[in-house]
Protein chains: 2
Amino acid sequence: MSVQERRARERAKLRSEILSAARELFVRDGYENFSMRKLAEKIEYSPTTIYLYFSDKADLLSQLCEDSFAKLVQQLETIASLTTDSVDGLRASMLAYVEFGLKNPSNYQAIFMLPDAMLAAKPGRRLAPEGAGMRVVDCLGRAVQDCMRKGKLRKADAEGTAQAIWAALHGIHFVAGGTSGVSVGPPRSTSGPSR
Amino acid sequence: MSVQERRARERAKLRSEILSAARELFVRDGYENFSMRKLAEKIEYSPTTIYLYFSDKADLLSQLCEDSFAKLVQQLETIASLTTDSVDGLRASMLAYVEFGLKNPSNYQAIFMLPDAMLAAKPGRRLAPEGAGMRVVDCLGRAVQDCMRKGKLRKADAEGTAQAIWAALHGIHFVAGGTSGVSVGPPRSTSGPSR
DNA sequence: GTGCCATACTTAACGCAGTTAGGTTAATGT
DNA sequence: ACATTAACCTAACTGCGTTAAGTATGGCAC
């Protein structure tokens, strides 16, 4: 029995080495300069070895992004647990979201900006919306619900509101990431809380 | 002189044939299934011929998207010229923007969602923000200014507001294009105009 | 210890991609 | 009639994702 366990451990280890090398390459060079062959060279294995651990390129990248997003979810949940004021919590979550996108552009792009078919080449994959991406919206939804419960936000469909916020955040990320003048930062105090 | 003109005309004609064939392929099959060779086969020329008209794949796609966006700009300007009420005009523009994105997903993706490096592989290309994309924001900005002039919108930085709206629209497009429940349509009358 | 078998990994290859170099043809200007 | 030039093509290079088939290795039954 022990030998199987060791083998499984080694297998898992190499798998995660591949993933982390892939992340490094992907983040450094971006999607369009990432290739299985370069990854293979980096990990000093033959290209085909990767296919013993991932069914194809899309699968590998999906795993990568899922992992990345799990981190964001974790951050959001930490924020939620640390914050006392619900509005502050929502604000911090929103900020964390945009900052995450800006600090992990490759991963953000991979999850949210690449055409579906690129990541989910095979039918039924489609990780972004149903996987960790949705968990992010859930986090926002909880923050929104919190605000509504405390009367800080007009009561309405929380999930819809969360999606609207997410939409805005996604847009903000795009604009802020570009060359525009929109800046991302703590709320300026020139105007009181709206709505 | 006339012979040069004829040549130039023919040249321009083939160029636009290439572009329209490319658009067809690109819209039908999406970015990741588009290839210069397939395009060549469709137009019944050798692959290398395309390179006599476009410096590379990124160049070709840039032209394609620039054209597409010119159409959107045109639509937006028509709307602006037809509308009497400035708020209606802004609303119609916003709706037109999102609808354009939904009805031309491949082009929209190409311009706004693909990583920069894919379209602007060579330095100094970067069509999306500085080209037609920016003209779209200008359109929105004019609509916003109109609303502000008429007192329908709190007076503030018009361009900044336009960018914020654009950001939200971009996000809405993304969410609405996915599997979420957010719907795009004329404003529901359950709540009065906000702000 | 010997033979067996699964597992891990590799080499070689296929088909397709973007792109370039060099050659061919045909129309034009002289 | 001849030289030039533009338009276009064939052939090839490099790199890609992926598959098929092979080789070594290390644990196991006898």
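Proteins get letters first, then strands, A, B, ... in listed order; numbering begins at 1 in each.
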Quick one: which residue pairs count as a salt bridge (Lys or Arg N to Asp or Glu O under 4.0 Å) with a foot in residues 71-90 of chain B, not counting sequence neighbours?
B:Glu77-B:Arg142
Rounded to whole Å, CZ of B:Arg11 lies from P of D:dT5 at a distance of 16 Å
Nucleotides 10-14 of chain C: which of its N/O atoms have a protein N/O under 3.5 Å away?
from   : atom 1 : to      : atom 2 : distance (Å)
C:dT10 : OP2    : A:Ser46 : N      : 2.9
C:dT10 : OP2    : A:Thr49 : OG1    : 2.3
C:dT11 : O4     : A:Thr48 : OG1    : 3.3

Are there any protein N/O atoms within less than 3.5 Å of an N/O atom in nucleotides 21-27 of chain D, and if so, which ones and at what distance?
from   : atom 1 : to     : atom 2 : distance (Å)
D:dG27 : OP1    : A:Arg6 : NH1    : 3.4

Non-neighbouring partners of A:Phe100 that pass ring pair (Phe, Tyr, Trp, His ring centres under 6.0 Å), sequence neighbours left out:
A:Phe69
Looking for any heavy atom pair under 4.0 Å, which part of the strands does B:Leu39 touch: base, sugar-phosphate only, or nothing?
nothing
Output all residues satisfying side chain to side chain donor-acceptor pair (under 3.5 Å) with B:Ser35, sequence neighbours left out; order by chain, then residue number.
none
Tell me, please, which residues at least two apart from A:Glu10 pass salt bridge (charged side-chain N to carboxylate O under 4.0 Å, His left out).
A:Arg6
Which of these nucleotides, C:dC9, D:dC8, D:dT18, is closest to any side-chain atom of B:Leu14?
D:dC8
Which pairs pass side chain to side chain donor-acceptor pair (under 3.5 Å) with one or both residues in residues 16-28 of chain A, sequence neighbours excluded?
A:Arg23-A:Ser68, A:Glu24-A:Lys42
For B:Arg149, salt bridge (charged side-chain N to carboxylate O under 4.0 Å, His left out) partners two or more places apart:
B:Asp146
Whole-Å distance separating the CD1 atom of A:Ile50 from the P atom of D:dT19
13 Å
OP1 or OP2 of D:dC8 less than 4.0 angstrom from a side-chain nitrogen or oxygen of B:Tyr51, does that happen here?
no
Hey, could you give me each pair passing salt bridge (Lys or Arg N to Asp or Glu O under 4.0 Å) that has a residue in residues 156-171 of chain A? Not counting sequence neighbours.
none
